[in-house]
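Labels below follow one simple rule: chain letters A, B, ... track the order of the sequence lines, proteins then strands, and each chain is numbered from 1.
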Number of protein chains: 2
Amino acid sequence: MVQIPRTPDPAPPAPLPVPTSTDVARRAGVSRATVSYVLNGSGTVRISEPTRRRVQQAARELGYVPHAAARALRSGHSRMVLVTAPSYPAGPIYHRFLDELQWALGRLGYTVVQHGTAPRHGARGPYSDDAARTWAELRPVAVLVPGSGLRPDAVDLLRRSGARAVLTLGPETVPGAHALLTDHEAVGHRAGRHLHDRGRRRIGVVVPTEPGHEVFATPRLAGVRRAVAGTTATVTELPLAYAEGDAARLAADWGPLGLDAVFAYNDEYAMLLMRALQDEGLGVPEDVALLGADDLMLGRLLRPRLSTVHLELPSGRDLAALVDRAVRDPAAPPERHTVLGAQVVHRESS
Amino acid sequence: MVQIPRTPDPAPPAPLPVPTSTDVARRAGVSRATVSYVLNGSGTVRISEPTRRRVQQAARELGYVPHAAARALRSGHSRMVLVTAPSYPAGPIYHRFLDELQWALGRLGYTVVQHGTAPRHGARGPYSDDAARTWAELRPVAVLVPGSGLRPDAVDLLRRSGARAVLTLGPETVPGAHALLTDHEAVGHRAGRHLHDRGRRRIGVVVPTEPGHEVFATPRLAGVRRAVAGTTATVTELPLAYAEGDAARLAADWGPLGLDAVFAYNDEYAMLLMRALQDEGLGVPEDVALLGADDLMLGRLLRPRLSTVHLELPSGRDLAALVDRAVRDPAAPPERHTVLGAQVVHRESS
DNA sequence: TTGAAAGCGCTACCAT
DNA sequence: ATGGTAGCGCTTTCAA
């Protein structure tokens with residue numbers, strides 16, 4: 001960070017005392033109870049119009065903002081939905097989904113808060129109790145955990161701390177938690193079947209070596225295997241780091257592999273590999289068919305245009321509704337939903 | 001969402017009462033005060049080892065998790081740093097930065113919470129008071145607002161609600177808030193100078209038509225203009241949507257433009273445009289030089305390899321230190337820092 | 001070394 | 001229609 005020359009700047013006003021509902025009450029000449037009634041529009045109690053006005057004006061003049069923590073403490077529950085940071089590097093698809101979810105939950109009166117305790121080096125394990133404890137301290141009414149690694153005891157901890165619903169969005173179910181299953185096995189299966197349908201018989205499957213991707217890569221690989229089970233086709237695992245050098249290495253050793261198709265994990269790895277293959281003089285799709293996933297824009301810009309598996313997360317509205325339902329009936333048995341739409345988009349590379 | 005058949009699932013236990021420090025005290029046979037001392041390791045008070053043990057064991061057995069809101073209420077301040085959702089579509093660079101920041105603030109004892117009130121269609125304006133109010137209700141000790149659009153009255157509202165520091169990370173300063181200035185004018189300037197140095201004289205600058213990008217695009221354009229001011233070079237604004245069709249349209253009308261270089265806003269737009277140009281038979285960089293920004297991996301995979309402006313956000317550690325400093329001395333005048341490292345990486349496209 | 005008690009800001013019950 | 005007041009879970013001074 002570089003300090004740049006600055007013109008003298010007016011110091012901010014000394015920290016004023018934060019106005020409370022008591023201040024509003026005093027200023028409006030009413031009791032705190034009345035203030036609360038006016039500002040929260042309690043259903044049962046009626047306040048006269050003049051009083052109501054005085055209170056609202058006093059609140060405005062003071063810049064009064066209610067204290068969410070105090071409210072939660074008193075009322076025994078918050079409207080906070082905590083979304084934890086995904087355990088994997090999230091892409092544009094996830095962010096669009098989260099945006100939608102936030103908006104939909106907002107309409108239902110919830111406040112969405114993201115907590116990014118990304119598991120760092122040296123952490124004891126995925127979603128160690130430490131992380132879950134931090135979440136629990138916030139006393140969210142619901143917790144959504146995208147990705148994998150949520151442990152059953154963490155679910156327990158959260159529920160015992162008052163969370164009325166715990167939901168996972170990922171490849172596995174966790175006891176006690178509602179599950180939105182992203183069925184990556186099905187993604188692999190679609191990919192495998194597509195390549196097999198196109199007449200390919202020696203299929204490679206890229207498995208990123210970067211940590212955090214196993215969650216998707218493993219079931220996708222299994223899906224491809226299942227797709228060609230009972231046929232003459234073979235499936236070969238292709239570890240690959242997201243780096244030019246590694247792709248070049250893989251491409252250089254391509255011959256002996258004898259592969260005629262690759263499901264490249266996603267569009268970005270596909271682009272990486274396509275480039276390396278082409279640089280090595282191999283033809284796509286003549287020599288080797290290439291299939292990505294995610295349907296990113298960049299796939300359409302490649303030559304040949306990249307075939308891909310288009311993925312679709314659940315609509316934010318649907319998920320918001322599920323959260324709301326779960327919160328209203330915390331004792332209901334966990335729901336399980338399959339939420340990952342997967343569809344092959346056939347373009348030119350396969 | 002598709003409901004899949006499920007085996008009957010054990011219903012979760014009826015919502016147990018959440019254990020409080022009173023429960024821990026009772027179980028350990030001590031007072032709540034003692035529990036607090038033990039669990040928070042108060043500096044002044046010494047608790048005997050046996051008592052300490054009993055308390056800790058009781059807490060463990062009960063699955064006790066302190067109530068952050070209650071604690072904040074009593075102590076008068078929280079350790080929550082609120083990071084609002086960026087007002088622009090955030091890329092991998094931002095996410096890496098945020099990760100780092102979170103980690104660094106965590107080490108300083110803060111809890112980072114992201115609040116995504118992304119300004120949606122129909123919202124009254126950028127960061128309307130509504131959004132700021134929601135933030136203020138959480139009574140964060142500090143608020144970091146990436147992007148632009150934070151209004152001075154929102155800063156005021158936040159400070160009057162007890163936020164000891166408000167920081168912006170973006171192209172503009174806001175009165176009352178610390179500013180981490182991402183100097184995109186400098187990015188444009190570097191880009192313009194590079195292209196001019198390479199002998200280009202008719203320079204196009206891509207300006208995305210998608211909303212939200214103006215914040216960057218406008219100053220970048222201005223920077224290019226400044227870089228060639230006083231020379232014979234010209235600068236042409238090139239509105240472009242992130243869609244194949246629009247790029248094709250632009251490329252089809254290329255001739256009359258008479259441009260020999262383009263600063264393409266970022267690597268993704270650069271890739272889009274490069275493809276369209278090449279499809280149109282134009283040579284990069286012979287006919288037209290192309291410069292991206294962000295230094296994404298995909299730039300290295302293009303042919304020719306994409307020249308780009310490498311951007312660097314401040315280190316999470318530095319920023320965490322600044323937040324901490326600002327929180328400790330809330331009356332200090334706002335700091336201003338320029339935090340965007342910009343450096344041209346010359347490859348083959350320019 | 002430990003406990004009693006006040007009080008943070010707020011809501012909701014019960015009076016008036 | 002409005003006010004008094006208890007108490008949510010916690011920390012911290014003051015006494016014992």
In whole angstrom, give the distance that lies between atom CG of A:Leu39 and atom C1' of D:dT2. 16 Å
Reckon A:Ser21 touches a base, only the sugar-phosphate, or nothing at all at heavy-atom distances under 4.0 Å? sugar-phosphate
Looking only at heavy atoms, which two atoms of B:Arg159 and B:Ala165 are closest? And how far apart? NH1-CA, 4.5 Å
Please determine, for the side chain of A:Tyr37, which listed nucleotide (C:dC13, C:dA4, C:dG9) has the closest atom? C:dC13
Choosing from C:dT11, D:dG4, D:dG9, which nucleotide comes nearest the side chain of A:Asn40? C:dT11
Verify the contact: side-chain N or O of B:Thr20 to OP1 or OP2 of D:dG9, cut-off strictly under 4.0 Å; return yes or no. no
Given D:dG3, D:dT12, C:dT2, identify the nucleotide with an atom nearest to the side chain of B:Thr34. C:dT2
What is the separation between atom CD on B:Glu137 and atom P on C:dG9, rounded to the nearest whole Å? 16 Å
Nucleotide C:dG7, atom C1' - distance to NE2 of B:His77 in whole Å: 16 Å
When the distance from CZ of A:Arg26 to P of D:dG4 is rounded to whole Å, what number comes out? 13 Å
State whether the distance check finds a donor on one side and an acceptor on the other, under 3.5 Å, for side chain B:Arg71 versus base D:dG9. no
Grab the CZ-P distance between B:Arg54 and C:dT1 for me, whole Å please. 14 Å
Across the strands shown, which category fits A:Val30 at heavy-atom distances under 4.0 angstrom: base, sugar-phosphate, nothing? sugar-phosphate
Taking atom CD of A:Glu137 and atom CZ of B:Arg71, what is their separation to the nearest 0.5 Å? 6.0 Å
What is the distance from OH of B:Tyr64 to C1' of D:dG9, rounded to the nearest Å? 7 Å
Within a reach of under 6.0 Å around CZ of A:Arg52, are more than 12 heavy atoms found that belong to other residues, nucleotides or ligands? yes
Touch check for B:Ser48, heavy atoms < 4.0 angstrom, all strands: base, sugar-phosphate only, or nothing? sugar-phosphate
Nearest of D:dT12, D:dG4, D:dT2 to any side-chain atom of B:Arg74? D:dT12
Winner on side-chain proximity to B:Thr51, out of C:dT2, D:dG9, D:dT2, is C:dT2
Could you tell me how far apart B:Ile47 (CD1) and D:dT11 (P) are, to the nearest whole angstrom? 13 Å
A:Arg96 side, atom CZ; A:Leu101 side, atom CG - distance, nearest 0.5 Å: 14.5 Å
Minimum-distance nucleotide (side-chain atoms of A:Ala70 versus C:dG9, C:dT2, C:dA5): C:dG9
Relative to the ring of A:His95, is the ring of B:His95 parallel (under 30°), tilted (30 to 60°) or perpendicular (over 60°)? parallel
Backbone of A:Gly170 reached by a side-chain donor or acceptor of A:Thr168 within 3.5 Å: no
Closest nucleotide of DNA chain C for B:Leu73 versus for B:Gly29: which of these residues is on the 5' side? B:Gly29
Earlier contact from the 5' end, DNA chain C, for B:Arg52 and B:Ser75: B:Arg52
Distance check needed: D:dG7 P versus B:His67 NE2, whole Å only. 18 Å
